[in-house]
Amino acid sequence: MNRNLGYILAFAFALVAPFVGYPVFLAKLLCFALFASAFNLLIGFTGLLSFGHAAFFGGAGYVAGNALKAWGWPVELGMLAGLAAGAAIGLVMGALAIRRQGIYFSMITLALAQMVFFGALRAHEFTGGEDGLQGIPRGKFLGVVDLTNDTALYYFVLGISVLAFMLIVRTVHSPFGQVLKAIKENEPRAISLGYDVDKYKLLAFVLSAGLSGLAGATNVLVQGFETLTDVHWTMSGLVILMTLVGGMGTLAGPMLGAIIIIALENKLGDVGIFLTQSTGIEWFNTIGEAVNMVVGFIFIVCVLLFRRGIIGEIVAKFGNKKPA
């Protein structure tokens, strides 16, 4: 009941958020919250650490961007194209990666993702190379809702994020999700019970990749451009950081972690200006240039004091055995 109440309050806050904040920035937060939740489905509930999720996020962004700009597809088909692209890349990568376990699995996903990155770098006609795809149109949802309106865009992204999160929740609490948890906790025992572990891992990998692709496609719609940054290995590291800070293996944790990390990246400079104006200390103006240092410091604090992540520690403290 407390968990459901938390979801209701979070949804109510999300509904009124664009009236108190910048809708485009809030929509960007939702995109990365979805990305982190999709990644958490793989590492938090299946126990597979992927270093290649940038390939799904950025690769889907390029497909959706071309669908909207070059091919003239409506926004609904553009989002579905991104989802399908993420799932397709995930199917290929997953089929190769699940043959190994542990750090070998992680390194294979990283290597394959870097192949996608270099492919994007060379495919100038499709990706724009180092210049990226620019001027991607938002279009109209169902031919009626004009997404060039920032508030309308925000609610469109919110709708996608809520539906995707509901799918993740349903998956985690389904018999399929219980098998994934069993694989994470004791894979040899799951095999002894007759489960085709590789099949379940591959399905989880593809589902996580598809939802990451949907997040990437939605992010392209919000930003209006796609660059190599989204397909670089540092994006994979960023989503890992979001998940660990918020709470791996919880439902709400990755979303909170994404909000914290993205908010810091975008608003830390404003905080430094405010502190300078309030205290008169000019040093605070340099905080915005040290985002990576601040984020790294937060990660160290979480490792030392919140080893389960923020939400994970809250759940552990109040004795709630169910994922928050």
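Throughout, residue positions are numbered sequentially from 1 according to the sequence presented. As the structure is a prediction and not an experimental result, all values here were calculated from the model.
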Q) So, does T127 use its side chain to make a donor-acceptor pair with the main chain of A120 at under 3.5 Å? A) yes
Q | Side-chain touch L238/E265, heavy atoms, less than 4.5 angstrom | A | yes
Q. Within the side chain of T109, is there an N or O that forms a donor-acceptor pair under 3.5 Å with the backbone of F51?
A. yes
Q. Atom CZ of F25 and atom CG of L30: how far apart are they, to the nearest 0.5 Å?
A. 10.5 Å
Q. Hey, is the main chain of L48 close enough, under 3.5 Å, to the side chain of T46 for a donor-acceptor pair?
A. no
Q: Could I get the full list of side-chain hydrogen bond (donor to acceptor under 3.5 Å, both in side chains) partners for N186, not counting sequence neighbours?
A: none
Q) Given side chains that start at C-beta, do those of L207 and L211 come closer than 4.5 Å, heavy atoms only? A) yes
Q) Is there side-chain contact between K140 and L147, with at least one heavy-atom pair below 4.5 Å? A) no
**Q.** Enclosure of M166 CE (heavy-atom neighbours >12, cutoff 6.0 Å)
**A.** no
Q. How far apart are the closest heavy atoms of A152 and V145, and which atoms are they?
A. CB-CG1, 3.9 Å
Q) Can you hop from V16 to V24 via hydrophobic side chains spaced under 4.5 Å? A) no
Q) Could you go step by step and tell me if L9 and L5 meet the side chain to side chain contact (heavy atoms under 4.5 Å, CB included) rule? A) CA-CA 6 Å; L9 291 176; L5 178 61; 4.2 Å; yes
(Q) Is there a path of hydrophobic side-chain contacts, each under 4.5 Å between heavy atoms of I/L/V/M/F/W/Y residues, joining L221 to V162? (A) yes
Q | Cluster link F176 to L41, ILVMFWY, side chain under 4.5 Å | A | no
For residues 71-100, which side-chain N or O atoms pair as donor and acceptor with protein atoms under 3.5 Å away, sequence neighbours left out?
residue : atom : partner : partner atom : Å
E76     : OE2  : L142    : N            : 2.9
R99     : NE   : A95     : O            : 3.3

Q) What residues, two or more places apart in sequence or in another chain, satisfy ring-ring contact (aromatic ring centres under 6.0 Å, His included) together with F35? A) F57
**Q.** Identified side chain to side chain donor-acceptor pair (under 3.5 Å) counterpart of R138 within the set D146, D150, N149, T148
**A.** D150
Q | CG-CG distance between L15 and L158, expressed to the nearest 0.5 angstrom | A | 6.0 Å
Q. How long is the span from the CD atom in E185 to the CG atom in L180, to the nearest 0.5 Å?
A. 11.0 Å
Q. Closest heavy-atom contact between S106 and L49?
A. OG-O, 2.7 Å
(Q) To check you understand the geometry: which heavy-atom pair defines the closest contact between Q178 and V172, and what is its length? (A) NE2-O, 3.3 Å
Under 3.5 Å, sequence neighbours excluded: what are the donor-acceptor pairs made by side chains of residues 193-205?
residue : atom : partner : partner atom : Å
D196    : OD1  : K199    : N            : 3.4
K201    : NZ   : E187    : OE1          : 3.1
K201    : NZ   : E187    : OE2          : 3.1

Q: Ignoring hydrogens and angles, tell me if any N or O in the side chain of N219 forms a donor-acceptor pair with the backbone of C31 under 3.5 Å.
A: no
Tabulate below the donor-acceptor pairs under 3.5 Å that side-chain atoms of residues 61-69 make, not counting sequence neighbours, or state none.
residue : atom : partner : partner atom : Å
Y62     : OH   : T227    : O            : 3.3
Y62     : OH   : L228    : N            : 3.3
N66     : ND2  : Y62     : O            : 2.9
N66     : ND2  : F126    : O            : 2.8
K69     : NZ   : Q134    : O            : 2.5

Q) Rounded to the nearest 0.5 Å, how far apart are OG of S161 and OH of Y154? A) 8.5 Å
Q. Distance from F39 atom CZ to S236 atom OG, nearest 0.5 Å?
A. 8.0 Å
Q) Among all residues two or more places apart in sequence or in another chain, which pass the ring-ring contact (aromatic ring centres under 6.0 Å, His included) test with F156? A) F141
Q | Passing candidate, side chain to side chain contact (heavy atoms under 4.5 Å, CB included) with P254, options L256, T250, L251 | A | T250
Q | Intermediate values then yes/no, side chain to side chain contact (heavy atoms under 4.5 Å, CB included), M235 and H53 | A | CA-CA 8 Å; M235 182 60 71; H53 263 57; over 6 Å; no
Q. Are I103 and I43 grouped together when hydrophobic residues (ILVMFWY) are joined by side-chain heavy atoms under 4.5 angstrom apart?
A. yes
Q) Does L26 share a hydrophobic cluster with I261, counting links as ILVMFWY side-chain heavy atoms below 4.5 Å and allowing steps through other members? A) yes
Q.
For A258 versus A36, what's the shortest heavy-atom pair and its separation?
A. CB-CB, 4.1 Å
Q.
Please find the pair of heavy atoms, one from I183 and one from A190, that lie closest to each other, and give the distance.
A. CG1-CB, 4.1 Å
Q. Quick one: CD1 on I259 to CG on L29, what's the gap to the nearest 0.5 Å?
A. 6.0 Å
(Q) Using only atom types and a distance under 3.5 Å, with no angle test, would you say the side chain of N266 pairs donor to acceptor with the backbone of I262? (A) yes
Q.
Quick check: do S37 and M255 have side-chain heavy atoms less than 4.5 Å from each other?
A. yes
Q) Is S208 reaching over with its side chain to a backbone N or O of A38, donor-acceptor style, under 3.5 angstrom? A) yes
